[in-house]
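FYI, side chains are in, hydrogens and waters are out, and symmetry mates aren't considered; it's all heavy atoms of this structure. Predicted, not measured: the structure shown is a model, and the values here were computed from it.
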Amino acid sequence: MVRKFKCTGDFTVDFVSSFFYSGNFIPHGHCYLWMPELVWLHILADSLIALSYYSIPLTLIYFVRKRKDVPFKSIFLLFGAFIISCGTTHIMGVWTLWHPDYWLSGTIKIITAIVSFYTALTLIPLVPQALALPSPAQLEAANNALQTEIIERKRVEQELRQYKEHLEELVEQRTTELAKTNELLQQEVVQRQQSQEKMALLLKELESTNKELNDFAYIVSHDLKAPLRGISSLSEWLLSDYADKLDDEGKELINLLIARVKKIYSLIDAILQYSRIGRIKEEIRRVNLNDVVTEVTELLEPIENIQIDISNELPIVDCEKTRIEQVFQNLLSNAIKFIDKPQGKITIACTEKNGYWQISVKDNGPGIEKEHFERIFKIFQKLSDNKNSDSTGIGLAIVKKIVEMYGGEVWVESELGVGTTFFFTLKKR
């Protein structure tokens with residue numbers, strides 16, 4: 001039997017009355033043929049589900065009230081409403097077994113659907129925030145770190161208390177130590193003043209000694225050169241005037257005497273050169289090392305079978321021109337003198353390292369044994385035992401003294417039978 005609405009009646013009142021009117025429908029139990037087992041199965045299932053649904057919101061409310069610091073309280077309330085709605089739909093499932101109020105049941109379902117949909121929409125943007133919350137492991141680690149910090153802070157506070165209790169004792173102890181230190185410092189000041197006075201006296205004595213040595217070197221060189229010149233002249237006259245009266249052995253002895261006199265003369269000049277380094281100052285000026293090497297090469301006049309090359313552009317440096325010429329002259333003359341091969345080659349190169357110019361003079365001579373590397377830079381030290389050699393053993397000592405005077409260093413690398421390379425450094429500025 002279908003109920004019809006009267007056109008003359010109030011539509012709203014009729015709709016509401018029809019909403020709760022169940023005369024047109026049959027109870028849901030008819031679908032189960034009123035089989036007691038099936039009906040009770042649905043009754044028990046829906047009842048237990050509804051009971052469980054109603055208990056969950058109560059638990060959530062209790063939890064939220066006890067934990068006022070819980071974030072996202074609104075989502076808990078929505079979950080409660082959603083779960084209550086779901087439980088109510090199961091209660092209606094039991095009710096409609098005997099009472100066919102399907103409009104009411106459908107309305108409760110639509111309310112449940114709306115609450116469910118709104119809860120889902122609200123939950124989605126909260127997921128990133130929930131994921132950002134620290135995990136239990138992180139909270140435990142933070143708690144452990146905090147506990148450690150608290151323990152450490154208590155330990156520090158305990159130490160501070162102990163330090164505070166002994167502060168006066170420490171201050172008194174430090175005061176005593178400072179007094180002793182001050183006394184020692186005063187004694188040290190007195191000793192330093194005495195040392196400075198002694199140093200000033202020693203410097204004065206040293207200046208006087210240096211002056212005496214310079215005068216001595218000049219006098220000795222002058223007094224020695226004069227008789228040496230006389231001996232040389234007399235020997236040459238003797239060889240010239242009495243040539244017909246001297247046999248070959250006599251002539252050889254006179255020539256040997258002249259050679260020895262020249263060697264002593266060269267030795268005196270070398271000693272004077274060595275003594276002048278650092279004592280006699282020249283004007284510091286800009287010097288092009290390429291021009292210096294060219295001038296020194298022309299002065300030495302190497303034989304045709306010896307080639308001297310500059311592998312790359314040499315720098316312009318600030319120095320005394322005569323001194324830097326002495327460095328290249330001694331290094332190149334040594335290389336020329338000791339090359340024992342048909343074709344000799346000397347190569348000069350320069351590199352930049354750590355604010356210094358590193359200059360090398362490389363030859364393809366016989367080489368030097370490693371055990372002699374340090375000895376060759378000492379004065380009067382020679383590797384050759386040739387008595388007829390004009391080497392004085394001062395050239396490399398002069399090189400070392402000049403380079404160190406300019407704040408550089410000099411060293412040698414060599415391989416027997418292959419050649420030798422001398423290195424020295426000059427500051428760029």
Side-chain angles (χ1 to χ4, degrees), residues 270 273-300 302 306-339 344-381 383 393-429:
Q273 286 182 10
Y274 188 82
S275 66
R276 290 192 188 104
I277 298 172
R279 177 171 56 87
I280 299 176
K281 298 292 184 181
E282 295 183 10
E283 178 187 359
I284 300 293
R285 54 177 174 162
R286 306 282 284 174
V287 179
N288 190 325
L289 297 186
N290 299 282
D291 298 337
V292 170
V293 171
T294 301
E295 293 172 5
V296 170
T297 303
E298 292 175 356
L299 179 65
L300 294 175
I306 295 180
Q307 179 183 355
I308 300 178
D309 294 328
I310 300 176
S311 65
N312 58 338
E313 189 74 12
L314 299 181
I316 297 175
V317 297
D318 296 330
C319 64
E320 299 168 278
K321 188 172 186 293
T322 303
R323 299 291 175 243
I324 203 67
E325 285 176 347
Q326 285 181 288
V327 171
F328 280 103
Q329 184 174 344
N330 282 293
L331 292 177
L332 290 175
S333 64
N334 270 1
I336 293 171
K337 188 184 303 179
F338 294 107
I339 288 180
K345 184 174 182 181
I346 302 172
T347 305
I348 302 168
C350 179
T351 58
E352 181 183 354
K353 288 187 177 181
N354 301 324
Y356 284 81
W357 296 115
Q358 179 177 296
I359 301 168
S360 62
V361 178
K362 180 180 181 180
D363 65 61
N364 63 339
I368 302 172
E369 293 181 353
K370 190 173 182 180
E371 60 189 35
H372 301 309
F373 282 1
E374 293 185 7
R375 185 166 71 89
I376 58 176
F377 291 105
K378 295 180 180 179
I379 192 168
F380 301 132
Q381 297 295 317
L383 298 181
I394 298 180
L396 291 178
I398 290 175
V399 171
K400 186 174 187 295
K401 189 173 181 180
I402 293 174
V403 170
E404 290 180 349
M405 182 180 68
Y406 288 125
E409 59 178 334
V410 61
W411 69 96
V412 64
E413 295 178 3
S414 182
E415 184 178 352
L416 291 177
V418 177
T420 302
T421 304
F422 284 91
F423 297 90
F424 68 93
T425 58
L426 296 172
K427 287 184 178 180
K428 292 185 64 177
R429 296 296 298 176

If you take all heavy atoms of [X] and [Y], which pair is closest and at what distance?
{"X": "Ala349", "Y": "Asn312", "answer": "CA-OD1, 3.5 Å"}
{"X": "Glu409", "Y": "Val403", "answer": "N-CG1, 3.4 Å"}
{"X": "Asn290", "Y": "Leu314", "answer": "ND2-O, 2.8 Å"}
{"X": "Arg323", "Y": "Ile402", "answer": "O-CD1, 3.5 Å"}
{"X": "Asn364", "Y": "Gly344", "answer": "OD1-CA, 3.6 Å"}
{"X": "Ile376", "Y": "Leu396", "answer": "O-CB, 3.4 Å"}

Report task. Take Phe328 and Phe424 through the side-chain contact (heavy atoms from CB on, under 4.5 Å) test and state the conclusion after the steps. Result -> CA-CA 10 Å; Phe328 280 103; Phe424 68 93; 3.8 Å; yes
Requested in this report: Would you list the pairs meeting salt bridge (Lys or Arg N to Asp or Glu O under 4.0 Å) in which at least one residue belongs to residues 412-423, sequence neighbours left out?
Outcome: none
Report task. If a pair satisfies salt bridge (Lys or Arg N to Asp or Glu O under 4.0 Å) and one of its residues is in residues 417-428, list it, with sequence neighbours excluded. Result -> Glu352-Lys428
How far does [atom1] of [X] sit from [atom2] of [Y], to the nearest 0.5 angstrom?
{"X": "Leu289", "Y": "Cys319", "atom1": "CG", "atom2": "SG", "value": "6.5 Å"}
{"X": "Gln329", "Y": "Leu300", "atom1": "CD", "atom2": "CG", "value": "5.5 Å"}
{"X": "Arg285", "Y": "Ile316", "atom1": "CZ", "atom2": "CD1", "value": "13.0 Å"}
{"X": "Thr421", "Y": "Ile348", "atom1": "OG1", "atom2": "CD1", "value": "12.0 Å"}
{"X": "Ile394", "Y": "Asn330", "atom1": "CD1", "atom2": "CG", "value": "10.0 Å"}
{"X": "Ile368", "Y": "Arg375", "atom1": "CD1", "atom2": "CZ", "value": "10.0 Å"}

Any heavy-atom pair between the side chains of [Y] and [X] that's under 4.5 Å?
{"X": "Asn288", "Y": "Val317", "answer": "no"}
{"X": "Ile336", "Y": "Ile308", "answer": "yes"}
{"X": "Thr297", "Y": "Val293", "answer": "yes"}
{"X": "Ile306", "Y": "Lys345", "answer": "no"}

**Report entry** Results of salt bridge (Lys or Arg N to Asp or Glu O under 4.0 Å) for Glu295 - residues two or more places apart only
**Finding:** Lys321
Query raised in the report: Sequence neighbours excluded, which residues qualify as salt bridge (Lys or Arg N to Asp or Glu O under 4.0 Å) partners of Arg286?
Result: Asp318
Query - Any donor-acceptor N/O pair, Asp309 side chain to Thr347 backbone, under 3.5 Å - result: no
Query raised in the report: Glu320 and Glu325: side-chain contact (heavy atoms from CB on, under 4.5 Å), yes or no, with the steps?
Result: CA-CA 9 Å; Glu320 299 168 278; Glu325 285 176 347; over 6 Å; no
Report task. Just jot down the ring pair (Phe, Tyr, Trp, His ring centres under 6.0 Å) partners of Phe423, sequence neighbours excluded, or say none. Result -> Trp411
Donor-acceptor pairs are to be reported for all side-chain atoms of residues 354-363 against protein atoms at under 3.5 Å, with residues two or more places apart or in another chain.
from	atom 1	to	atom 2	distance (Å)
Asp363	OD1	Gly365	N	2.8
Asp363	OD1	Thr420	N	3.3

Requested in this report: Give a yes or no on this: more than 12 heavy atoms of other residues, nucleotides or ligands lie within 6.0 Å of atom CD of Glu374.
Outcome: no
